[in-house]
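By convention in this document, chain letters (A, B, ...) are assigned in the order of the sequence lines, proteins followed by strands, and residues within each chain are numbered from 1. Any value given below was found using the heavy atoms of this structure, including those in side chains, with hydrogens, waters and symmetry copies removed.
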2 protein chains.
Amino acid sequence: MFDEALVSKRCRWPHWRAKLRTAQEAAALIQDGMTVGMSGFTRAGEAKEVPRALAERALQEPFSITLMTGASLGNDLDRLLTEANVLARRMPFQVDPTLRRAINDGRVMFIDQHLSETVELLRNRQLADMDVAVIEACAITEDGHIVPTTSVGNSASYAQLAKKVVIELNLDAPEGLEGLHDIYIPQMRPTRPPIPVVAPDTRIGTPYIPIDSSKIAAIVITHGKDSPSTVQPPDADTKSIADYLIGFFADEVKIGRLTPALLPLQAGIGNMANAVMSGLAEGPFEHLTMYSEVLQDSTFDLLDSGKLDFASGCSITLSEPCGERVWNNLERYRDRLVLRPQELSNHPGIVRRLGVISINTALEMDIYGNVNSTHVGGTQMMNGIGGSGDFARNAQLSIFVTKSLAKGGDISSIVPFVSHVDHTEHDVDIFVTEHGLADLRGLAPRERAVQVIERCVDPRYRPALRRYFADACKRGGHTPHCLEQALSWHIAMEQDGNMRRFQCAETAGAVE
Amino acid sequence: MFDEALVSKRCRWPHWRAKLRTAQEAAALIQDGMTVGMSGFTRAGEAKEVPRALAERALQEPFSITLMTGASLGNDLDRLLTEANVLARRMPFQVDPTLRRAINDGRVMFIDQHLSETVELLRNRQLADMDVAVIEACAITEDGHIVPTTSVGNSASYAQLAKKVVIELNLDAPEGLEGLHDIYIPQMRPTRPPIPVVAPDTRIGTPYIPIDSSKIAAIVITHGKDSPSTVQPPDADTKSIADYLIGFFADEVKIGRLTPALLPLQAGIGNMANAVMSGLAEGPFEHLTMYSEVLQDSTFDLLDSGKLDFASGCSITLSEPCGERVWNNLERYRDRLVLRPQELSNHPGIVRRLGVISINTALEMDIYGNVNSTHVGGTQMMNGIGGSGDFARNAQLSIFVTKSLAKGGDISSIVPFVSHVDHTEHDVDIFVTEHGLADLRGLAPRERAVQVIERCVDPRYRPALRRYFADACKRGGHTPHCLEQALSWHIAMEQDGNMRRFQCAETAGAVE
């Protein structure tokens, strides 16, 4: 069934044989109504076989659980679990279309949380106690401690707080991952000393998750890979956004507000952030560092080019070709990488201490700089707020990027009034679209609106937003609005399926 | 003109005589277009004579400045400065009706900021450099360092960052204030060590603001008191809110989630928070501590009753009678009080580290738990976000309180969709009105709505909100809304001056 010699090499805990179980046997530990924590962050390092067995069992014998993870799961697990009706409650993040539909139909209760907060709530018993944790490992130490794989996420706290621990020992996970992790769990409050991370490369913990080995209820031997990321190469718009941002950074260096090393960088997941990070390879920058959440292809490109000195994150999510390059050459990156618990990678106090530059993607933004990161049309959950709030609130520079249009011009990403607020104007310093960059620092709302409209909005929608803002200013207020028109752009979407009624007839043709 | 012996006692810096100026002379240092920082936080410890002289001069000779303070100024200074058109820009907080009008008319550009962030922005040169700082002092040390009065606010960073410093030496300020302050300025990023505050009573700095004495451009001898706070005794509603909250805390202690010492408490300014804090004197609590922003009457009541062991804040704002008691008996409180820079009293990392329980007042809240703290009808600025965001985001328990009704029932404080968001649902754990307490922890939006509507809404408005929520749920979504009705309660306010069209006819009479 498996190579004993290979397993003993990975599993140095002497009692492992007594705990060997099939995925089905391990899944049987999980019963109706339980709270279960699983490894996995941005489709990296998730437990793979036990959740699959769980979904299979539920098709025969219905039951449901609260599932907590780091962030999103790969290998279609959220789909399988949703289809089998296993998920009564799910937190703190997801990206799966099937699960998303169930959330928006009200069939799965989704608790969308700042990613640094989930384990803090669990630790303080503000969430239900965790029954079982299922964690993917690349090794088990002599003392039964867990060496995670490609993500740390919430795995360390889940393993420590759960009553029982199931370990999926993935023999396909690179052995070289051992040593990459730095596991540190903040003490209980109110007697918590400062968390001593003072730079992206500070190591303060252990290279494994220390647990009470008597809690190990099952060890499941697995194979299989993370789902590759589907990052797209930059297109004309993301390239333009990256160019504006790189130009801005270069200017800040010139003025003396930043050094060529900038400040520790955080970039959200996705094509947009990846394009921006790739753009940094071209600029007048050196000795860059990252203090981020997910490390993507661009991180390794920058490490390879010598522009990036060090990257701290809580997971690594790579495309197929980049994965080949990295996983087969981990030694090359070993001393320039660290993976931490997401509570630390996203910690408000550390982000504030380091003065991180955060770059996140907005779904929509309003003329005053309030950002919607999550809800399409104000109601339909997309993925979740993720770590964007952890970073944007505490960053030295909080940057949001988006294409000015969606659906081929049917939708303007910039609207009079966002239909849902995830980040308030207080937490948005710089806003960039393919049309330009609005520097909103130190500006009052009426000044912010001019910058956003004139620099970032697509010319087709600019006249309508200018008109809205002018009409609103006539009515007065610190943040002027025409309330009866405030959500009209979203209502048009509901009625017409697009916002074209707000396009300017003359410029529409010219730009298209 | 002044008592030389008295002044030399307070002013131990040997060169003070050469720097003595009248308020008019000192005000002359401030020129058109300058950025000026002044002491003052919640109408405590503001420089009094120089701003007055500034306003007088501007009536003759028009000019305008950017004025930065800690928070609100007392002694009608914001009114005088507004009436004299001195204020082109103002940040980060205010409470003055005349200034508020000017802000809402768009005549003064107001930058509403998280109170912990202003000096961070200034230090990083993301705001214009500061030309002059005007700081009230109760003493000047041998080396020309400044001992502040009843608030620290942003005074320390302003004094250190400004090109010139004007000191208002207030001979009426109690001498006993010296020793109360703990001044610590975080280092520049990215090489900032952890700020070593690990408990409300940790002292980490100096009892004075260290400055380069060559920057002292003027010393003005002043007299005069802070404006007394106008805190009201609890009424039936605030008493009921306090009772619900005290009951909740007692339950948390019983369940074992909190100890009888609770966790360091933060309470916003005003009658509501004061009522809640006063209520703590009655509950099964002991060895309480505060890690808060403003210390009000209730703080000293709790210190006197022996319930409160220690209080950390950045300003002290008292009523006339409480002021008499405290300022004449400072020795009694000295070892149980500390005043810090607002950057530290409100520091996200420290609030997170200590696990503060934050209690702040909402202006309005929506059924999903999004809070508006600032904008009446979505457009008219009231005061500013203040420190509420610093605390609510990072607290172990983030509590918002409000009366369920305003204007004698004309307005429901709970609406379908807030007209402005200062705190997202992610940052609101507990919501309390006089009707009850909604515990929103770990709940999805649809579950939150039921709690908020059934427990907190006034019965007159409950049927309409139930109906809205039911209709919205039929349309679906993670956060269901009927967009075309979402702001209808605010539009009714604009049209009718009230929300009574949403009252239930049957219950309206019964409850009124």
Side-chain angles (χ1 to χ4, degrees), chain A residues 103-106 109-114 121 124-127 189-190 192-194 196 198-199 257 263-264 348-349 352-355 370 375 378-381 385 389 393-394 396 419-422 424 426 441-444 446-447 473 475-481 483-484 486-487 490-491 494, chain B residues 103-106 109-114 121 124-127 189-190 192-194 196 198-199 257 263-264 348-349 352-355 370 375 378-381 385 389 393-394 396 419-422 424 426 441-444 446-447 473 475-481 483-484 486-487 490-491 494:
Chain A
I103 289 168
N104 286 319
D105 290 348
M109 292 294 103
F110 177 56
I111 298 96
D112 174 28
Q113 294 173 317
H114 298 302
L121 293 167
N124 301 322
R125 302 187 42 226
Q126 301 196 72
L127 298 173
R189 301 182 291 200
R192 174 183 295 177
V198 295
R257 281 205 205 109
L263 281 164
R352 176 81 170 232
R353 185 185 298 156
L354 301 181
N370 298 287
H375 284 69
T379 61
Q380 303 288 314
M381 170 56 62
I385 192 167
R393 173 66 61 88
N394 300 291
Q396 170 148 339
S419 56
H420 181 89
V421 177
D422 290 294
T424 72
H426 310 285
R441 293 175 292 177
L443 299 187
R446 288 172 190 238
E447 299 169 311
C473 285
R475 302 193 192 179
H478 176 61
T479 305
H481 273 298
L483 285 189
E484 79 289 352
L487 291 170
H490 303 91
I491 294 168
E494 287 185 348
Chain B
I103 289 167
N104 286 318
D105 290 349
M109 292 294 103
F110 176 54
I111 299 97
D112 175 26
Q113 293 173 318
H114 298 301
L121 293 167
N124 301 323
R125 301 185 45 225
Q126 301 197 71
L127 298 173
R189 302 183 292 201
R192 175 183 294 177
V198 293
R257 281 205 205 109
L263 282 163
R352 175 84 170 230
R353 185 185 298 156
L354 301 181
N370 298 287
H375 283 68
T379 61
Q380 303 288 313
M381 171 56 64
I385 193 167
R393 172 68 59 90
N394 301 291
Q396 169 148 340
S419 56
H420 181 89
V421 176
D422 290 295
T424 71
H426 310 286
R441 293 175 292 177
L443 299 187
R446 288 173 190 237
E447 299 169 311
C473 284
R475 300 191 193 180
H478 176 61
T479 304
H481 273 299
L483 284 189
E484 79 290 353
L487 290 170
H490 303 91
I491 293 167
E494 286 185 350

Sequence-distant partners of B:H114, ring pair (Phe, Tyr, Trp, His ring centres under 6.0 Å), two or more places apart: A:H426
Which atoms of B:L263 approach chain A - backbone, side chain, both or neither, heavy atom under 4.5 Å: side chain
Proximity breakdown for B:R446 and chain A, heavy-atom pairs closer than 4.5 Å: side chain
Options A:G355, A:A486, A:G349, A:P193, ranked by heavy-atom pairs under 4.5 Å with chain B, top entry: A:G355
Note, A:L487 side chain near B:L487 side chain (heavy atom, < 4.5 Å): yes
Interchain contact, B:L354 with chain A, by part (heavy-atom threshold 4.5 Å): both
Greatest number of heavy atom pairs closer than 4.5 Å to chain A - which of B:E447, B:M381, B:Q113: B:E447
Under 3.5 Å donor-acceptor, A:R393 side chain and B:G389 backbone: yes
Nearest heavy-atom neighbours spanning A:Q380 and B:G476: NE2-C, 3.8 Å
Max heavy-atom pair count under 4.5 Å with chain B, selected residue of A:R352, A:R257, A:H420, A:E484: A:R352
Exam field: side chain B:Q396 to backbone A:P190, donor-acceptor pair closer than 3.5 Å: no
Contacting moiety of A:E494, where chain B heavy atoms sit under 4.5 Å: side chain
Atom group of A:L127 that falls short of 4.5 Å from chain B, counting heavy atoms: side chain
Least distance between heavy atoms, B:T424 atom then A:D422 atom: CG2-O, 3.6 Å
B:H375, part contacting chain A, at a heavy-atom distance under 4.5 Å: side chain
Contact origin within B:L443 toward chain A - heavy atom pairs under 4.5 Å: both
For chain B, the option from A:R441, A:H481, A:R353 that forms the most heavy-atom pairs under 4.5 Å: A:R353
Among A:N124, A:D105, A:V198, residue most engaged with chain B (heavy-atom pairs, under 4.5 Å): A:N124
Shortest non-hydrogen contact between A:A444 and B:I111, atoms and distance: N-CG1, 3.8 Å
Leading residue by heavy atom contact count with chain A [cutoff under 4.5 Å; candidates B:P480, B:C473, B:G378, B:G442]: B:G442
Option that, when pairs with chain A are counted at under 4.5 Å, heavy atom only, ranks first among B:G106, B:S419, B:P194: B:P194
